[in-house]
Number of protein chains: 2
Amino acid sequence: MALSASKKPQKADAPITKDTIANALSHAIHQHWIAPGTKLGEDELSDIYGVSRTIVRAALQTLAHQQIVEIRRNRGAFIAKPSLTEAHEVFEARELLEPRTARSAARLATPQDIDLLEGHIAQEHDALKAGNHGRALFLSGQFHLEVARIAQQQTIADMIKVLIARSSLIIALYWRRESALCESQAHHALIKAIADQDGDHAEDLMKSHLVDLHSALNLREQPAVQHDLRDLLLKPSG
Amino acid sequence: MALSASKKPQKADAPITKDTIANALSHAIHQHWIAPGTKLGEDELSDIYGVSRTIVRAALQTLAHQQIVEIRRNRGAFIAKPSLTEAHEVFEARELLEPRTARSAARLATPQDIDLLEGHIAQEHDALKAGNHGRALFLSGQFHLEVARIAQQQTIADMIKVLIARSSLIIALYWRRESALCESQAHHALIKAIADQDGDHAEDLMKSHLVDLHSALNLREQPAVQHDLRDLLLKPSG
DNA sequence: CAATGCAATCTTGTATACAATATAGCGCAC
DNA sequence: GTGCGCTATATTGTATACAAGATTGCATTG
């Protein structure tokens with residue numbers, strides 16, 4: 001498995017629990033350290049984390065419930081590979097939920113919240129400059145999570161958290177745009193709308209931001225059209 | 001624990017897995033056979049289902065991820081007791097998601113789908129007539145799940161499934177209206193809008209239906225006011 | 001060379017044993 | 001009667017052993 005030793009967990013004071021393992025794996029997945037489809041063997045993770053298979057299995061189940069790992073009975077656990085349909089569904093769900101959180105965030109954000117959001121963008125910019133695309137991707141997702149946190153609706157924030165994790169897999173599989181994932185201009189504009197307590201504008205910006213992200217996946221559907229054309233070309237001689 | 005012997009699982013050909021146990025418990029919770037706050041002991045469930053604690057723990061973890069069971073470390077698993085805040089959040093999330101599924105269902109429903117939805121109402125009516133409120137409650141929730149299934153957006157349907165399960169707990173704790181949970185008139189009107197392929201109307205009806213349900217919880221906030229008043233009355237003599 | 005069959009090995013599923021923590025009950029002091 | 005301390009017991013957390021299923025590698029056949 002592609003987990004390198006440099007990614008081995010620190011043996012700190014905190015005990016290794018199913019949650020620490022699940023979080024570590026989730027973090028690694030989010031940063032694209034582990035590719036979709038990768039097998040996660042129980043014994044291997046057990047060795048890596050220094051716990052029994054019992055804890056590992058519980059961690060894998062947690063990740064499976066978040067749909068970022070797929071457990072196939074008798075065959076093992078694998079990083080999920082969302083289908084194109086799932087990809088569309090995930091972004092569609094985000095387009096439904098996140099504009100609302102942006103609106104609420106515009107109503108509820110404190111100056112500290114604004115600072116924190118801006119800090120996120122700065123860190124993301126630093127990561128990109130350093131060529132650390134994985135970290136930039138992670139921070140980009142965290143930005144969205146922070147907006148959801150500011151909105152003070154935990155139930156919806158929890159849903160968004162799962163959707164963002166799944167988005168990371170989707171991006172690994174289907175993203176083909178050259179530019180950075182989330183253009184910082186979009187995030188900046190969003191922060192301004194939130195700071196200005198302009199709920200309408202924040203909602204519109206978040207919606208169009210996500211539609212934009214979604215459209216970057218739509219690009220992947222073009223090869224299907226080319227495929228049909230190819231079938232057409234093969235038919236006359238078939 | 002309040003699980004009665006009459007609710008003991010059938011020892012059928014299907015093996016008892018974590019999923020069958022989780023589903024059985026979820027079903028029992030949904031029908032209010034088990035009250036919020038009830039302790040679910042591992043050994044007890046292990047006895048009841050005839051499997052080891054390993055399987056039981058996996059089932060409980062599944063239910064914990066659905067937030068209908070709360071696992072407290074070193075203390076055990078309990079049927080969740082959503083706070084009033086959580087109650088509001090859950091219905092707010094439903095108000096955001098389900099109108100969209102209703103709109104999509106109006107676009108996608110087949111005549112068979114309409115028949116099935118109508119069948120749900122009939123069964124619910126039968127259950128109420130027979131005084132089987134638990135079953136009526138379950139079917140009422142299933143109606144909403146069916147609308148979500150018809151909408152063909154699995155990601156959102158999965159979210160709605162969890163929200164409906166949690167709604168069942170919320171209703172057990174906070175519901176005080178004398179009438180049946182979902183008035184069949186609301187469901188009938190919704191079916192008609194869906195059958196008529198009237199997405200706008202279906203969306204509006206679902207929204208107002210959920211707002212209505214949500215408002216039945218709001219009623220529970222009134223005692224808080226009375227509680228404050230009582231404190232005021234006690235203060236002068238305190 | 002490719003396909004098939006078989007045995008060995010690996011991995012996952014499950015039960016059980018042991019460790020750690022919490023709870024209940026009893027006796028004693030005030 | 002109440003509160004505290006202690007012990008026994010119950011329950012949960014975790015590791016380990018065993019069973020079941022899958023995969024791999026090798027030998028044989030066509």
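Fair warning: this is a prediction, and the values are worked out from it, not measured in the lab. Just so we're on the same page: letters track the sequence lines, and every chain starts at 1.
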Per B:V51 side chain, nearest of listed nucleotides C:dA15, D:dT14, D:dG13 =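 Given the options C:dA15, D:dT14, D:dG13, the side chain of B:V51 is closest to C:dA15.
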Which nucleotide in the list C:dT12, D:dT14, C:dG13 gets nearest to the side chain of A:R73?
->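 Nearest to the side chain of A:R73 among the choices is C:dG13.
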Rounded to whole angstroms, how far apart are [atom1] on [X] and [atom2] on [N]?
{"X": "B:R75", "N": "C:dT21", "atom1": "CZ", "atom2": "P", "value": "11 Å"}
{"X": "B:R72", "N": "C:dT21", "atom1": "CZ", "atom2": "C1'", "value": "16 Å"}
{"X": "A:Y49", "N": "D:dT14", "atom1": "OH", "atom2": "C1'", "value": "18 Å"}
{"X": "A:K18", "N": "D:dT12", "atom1": "NZ", "atom2": "C1'", "value": "13 Å"}
{"X": "B:N74", "N": "D:dG13", "atom1": "CG", "atom2": "C1'", "value": "7 Å"}
{"X": "A:E44", "N": "C:dT12", "atom1": "CD", "atom2": "P", "value": "10 Å"}
{"X": "B:E42", "N": "C:dA22", "atom1": "CD", "atom2": "P", "value": "15 Å"}
{"X": "A:D47", "N": "D:dT16", "atom1": "CG", "atom2": "P", "value": "12 Å"}

Verify whether one side chain among B:T110 and B:D113 offers a donor that lies under 3.5 Å from an acceptor in the other.
->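 Judged by distance alone, the side chains do pair up.
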Is there a donor-acceptor contact under 3.5 Å from the side chain of A:Y174 to the main chain of A:P82?
->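 Flag set: sc A:Y174 to bb A:P82 pair under 3.5 Å.
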A:K81 side-chain N/O to A:E70 backbone N/O, donor-acceptor pair under 3.5 Å =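 No; judged by distance alone, with no hydrogens or angles, the pair does not exist.
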Considering just the side-chain nitrogens and oxygens of [X], establish if one lies under 4.0 Å of OP1 or OP2 belonging to [N].
{"X": "B:R57", "N": "D:dG13", "value": "yes"}
{"X": "B:K39", "N": "D:dT12", "value": "yes"}
{"X": "B:T54", "N": "C:dT14", "value": "no"}

Among B:E124, B:H30, B:Q123, whose side-chain hydrogen bond (donor to acceptor under 3.5 Å, both in side chains) with B:R135 holds?
->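 Result: among B:E124, B:H30, B:Q123, B:Q123 is the only option passing the side-chain hydrogen bond (donor to acceptor under 3.5 Å, both in side chains) with B:R135.
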Polar side-chain contact B:R53-D:dG13 base: donor and acceptor under 3.5 Å =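 Flag set: donor-acceptor pair detected.
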Where does the angle between the aromatic ring planes of A:H214 and A:H88 fall among parallel (under 30°), tilted (30 to 60°) and perpendicular (over 60°)?
->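 Aromatic pair A:H214/A:H88 classed tilted.
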